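Quick notes on the structure that follows.
Please read these numbers as outputs of a predicted model, since none were measured by experiment. Residue numbers count from 1 along this sequence.
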Amino acid sequence: MSQHVFKRAGFLAATVGVAGLLGTGVASAHVTANVYGPQPTKGGYAAIVFRVPSEEKDPLTTTKVAVEFKADYGIGSVRTKPLPGWTAEVTKSKLPAPITKDNGTQITEAVTAVTWTAQPGSELKATDYQEFSVSFGPLPTNVDEVEFPAHQTYSDGKVVDWNQPTPANGEEPEHPAPAVKLAAKAAGDGDHAAMAPGTAATTGEHTEAAAATSDNTARWLGGAGLLVGAIGLGVGAGATIRARKATVKSGGNS
């Protein structure tokens with residue numbers, strides 16, 4: 001086979017590879033739900049980040065993002081992380097029938113939506129994306145995945161709905177709904193409902209407390225080590241002095 005044929009084959013492979021990468025980039029440019037930390041468990045609380053890219057061409061911008069929480073999930077509490085330039089509004093709706101959680105708590109009013117609205121000057125441009133963080137729960141125990149249909153509003157009034165469920169074969173639809181898989185509740189897990197709904201927001205406090213405890217322990221161990229070292233040096237110096245005195249005394253006697 002000639003070198004020319006090899007070059008052509010290499011060029012075609014590179015072209016196909018680049019096209020594949022570009023296709024993947026286009027397909028992945030949609031609203032997604034991401035977990036930065038432990039996977040949420042059934043019946044527990046979750047900290048999720050909704051990543052929203054702005055896809056329309058300039059001068060159109062994204063001005064509002066609304067995420068639905070299905071009423072039958074029975075999400076009783078949601079907290080949003082403050083985001084400069086955006087306001088967040090949590091919508092609750094009365095349930096037609098109470099939902100009883102694992103710990104016996106009855107949910108009669110559930111969170112059904114969270115809407116973020118951009119203040120003037122904070123809209124998402126065509127090349128921008130933004131992340132909207134929420135902490136919520138308790139999660140349902142009768143599903144393996146929770147979906148959050150999202151609605152993205154642009155400055156010209158156009159609304160793009162990201163609400164199509166992904167079929168069982170895993171083939172991604174054109175406008176997939178953001179979704180997060182739930183891990184099974186491990187045997188012996190404590191009462192997840194006892195966790196504060198603001199777990200994600202208070203994680204930093206717990207981290208600082210742990211760091212302070214670790215730092216104090218390290219300092220105590222370091223001080224103890226210095227003390228032991230000083231004692232060792234004192235003992236060694238004493239032994240050296242005694243040995244010199246013994247040597248001098250021995251020399252004098254001789």
Item checked: Shortest non-hydrogen contact from A33 toward V180 -> CB-CG2, 3.6 Å
Checklist line | Value rounded to 0.5 Å, distance of CH2 in W86 from CG in L124 | finding: 4.5 Å
Notebook entry, point to check: Any side-chain donor-acceptor pair under 3.5 Å between Y129 and E131?
Noted result: no
Check: With a 4.5 Å limit on heavy-atom distance, are the side chains of E89 and T117 in contact?
Finding: no
Notebook entry, point to check: What distance separates L182 CG from T41 OG1, expressed to the nearest 0.5 Å?
Noted result: 8.0 Å
Next item on the list: Drop me the distance from E56's CD to T62's OG1, to the nearest 0.5 angstrom.
Entry: 8.0 Å
Next item on the list: Would you indicate whether the side-chain heavy atoms of V134 and W116 approach each other to under 4.5 Å?
Entry: yes
Checklist line | Point-to-point distance, once rounded to the nearest 0.5 Å, from OG1 of T63 to CD of Q119 | finding: 13.0 Å
Note to self: Please check this pair: side chain of S133 against backbone of K81, looking for a donor-acceptor N/O pair closer than 3.5 Å.
What the structure shows: no
Next item on the list: Keeping to residues at least two apart or across chains, list the ring-ring contact (aromatic ring centres under 6.0 Å, His included) pairs with something in residues 51-80.
Entry: F69-F136, F69-F148
Check: What about Y154 and V67, same hydrophobic cluster or not, with Ile/Leu/Val/Met/Phe/Trp/Tyr joined at side-chain heavy-atom distances under 4.5 Å?
Finding: yes
Next item on the list: For residues P138 and G43, report the shortest heavy-atom separation together with the two atoms involved.
Entry: CB-O, 3.9 Å
Notebook entry, point to check: Taking C-beta and beyond as the side chain, do T153 and V160 meet within less than 4.5 Å on heavy atoms?
Noted result: no
Check: Hey, are the side chains of L95 and T108 touching, using non-hydrogen atoms and a 4.5 Å cut-off?
Finding: no
Next item on the list: Please examine the side chains of P165 and E147, heavy atoms only from C-beta on, and report whether any two atoms are closer than 4.5 Å.
Entry: yes
Note to self: Once rounded to the nearest 0.5 Å, what's the spacing between atom CD1 of I75 and atom CD1 of I107?
What the structure shows: 9.0 Å
Notebook entry, point to check: Nearest heavy-atom pair of N163 and H151: which atoms, and what distance?
Noted result: ND2-CE1, 4.5 Å
Next item on the list: For Q152 and P53, work out which heavy atoms get closest and say how close.
Entry: NE2-O, 2.8 Å
Check: Judged by atom type as modelled, is there a donor-acceptor pair below 3.5 Å linking the side chain of K92 to the main-chain atoms of G76?
Finding: yes
Check: Is any side-chain heavy atom of T141 closer than 4.5 Å to a side-chain heavy atom of K185?
Finding: no
Notebook entry, point to check: Within a strict 4.5 Å, meaning less than it, do heavy atoms of the W162 and P149 side chains meet?
Noted result: no
Check: Does the Q39 side chain pair with the main chain of K181, one donor and one acceptor, at a distance under 3.5 Å?
Finding: yes
Check: Between the main-chain N or O of H175 and the side-chain N or O of Q164, is there a donor-acceptor pair closer than 3.5 Å?
Finding: yes
Margin query: Take a 6.0 Å sphere around NZ of K101 and say whether it holds more than 12 heavy atoms from other residues, nucleotides or ligands.
Written below: yes
Checklist line | T61 side, atom OG1; D156 side, atom CG - distance, nearest 0.5 Å | finding: 9.0 Å
Note to self: Tell me which one of V159, T87, T115 satisfies side chain to side chain contact (heavy atoms under 4.5 Å, CB included) with K64.
What the structure shows: T115
Next item on the list: Output, in order, the C-alpha distance, side-chain angles, deciding distance and verdict of side chain to side chain contact (heavy atoms under 4.5 Å, CB included) for K42 and D144.
Entry: CA-CA 8 Å; K42 297 180 180 180; D144 297 323; 2.6 Å; yes
Next item on the list: Say whether I99 and V78 are linked into one hydrophobic cluster, either directly or through other cluster members, by side-chain heavy-atom distances under 4.5 angstrom.
Entry: no
Margin query: Please tell me whether V65 and L60 are part of a single hydrophobic cluster in this structure, the criterion being side-chain heavy atoms less than 4.5 Å apart.
Written below: no
Check: Taking everything shown except E174 itself, do over 12 heavy atoms lie less than 6.0 Å from its CD?
Finding: no
Check: Shared ILVMFWY cluster between V143 and V35, side chains joined below 4.5 angstrom?
Finding: yes
Check: Does a side-chain heavy-atom distance below 4.5 Å link T166 with P173?
Finding: yes
Margin query: Check for me, please, whether V49 and V31 land in the same ILVMFWY cluster - side-chain distances under 4.5 Å, paths through other members count.
Written below: no
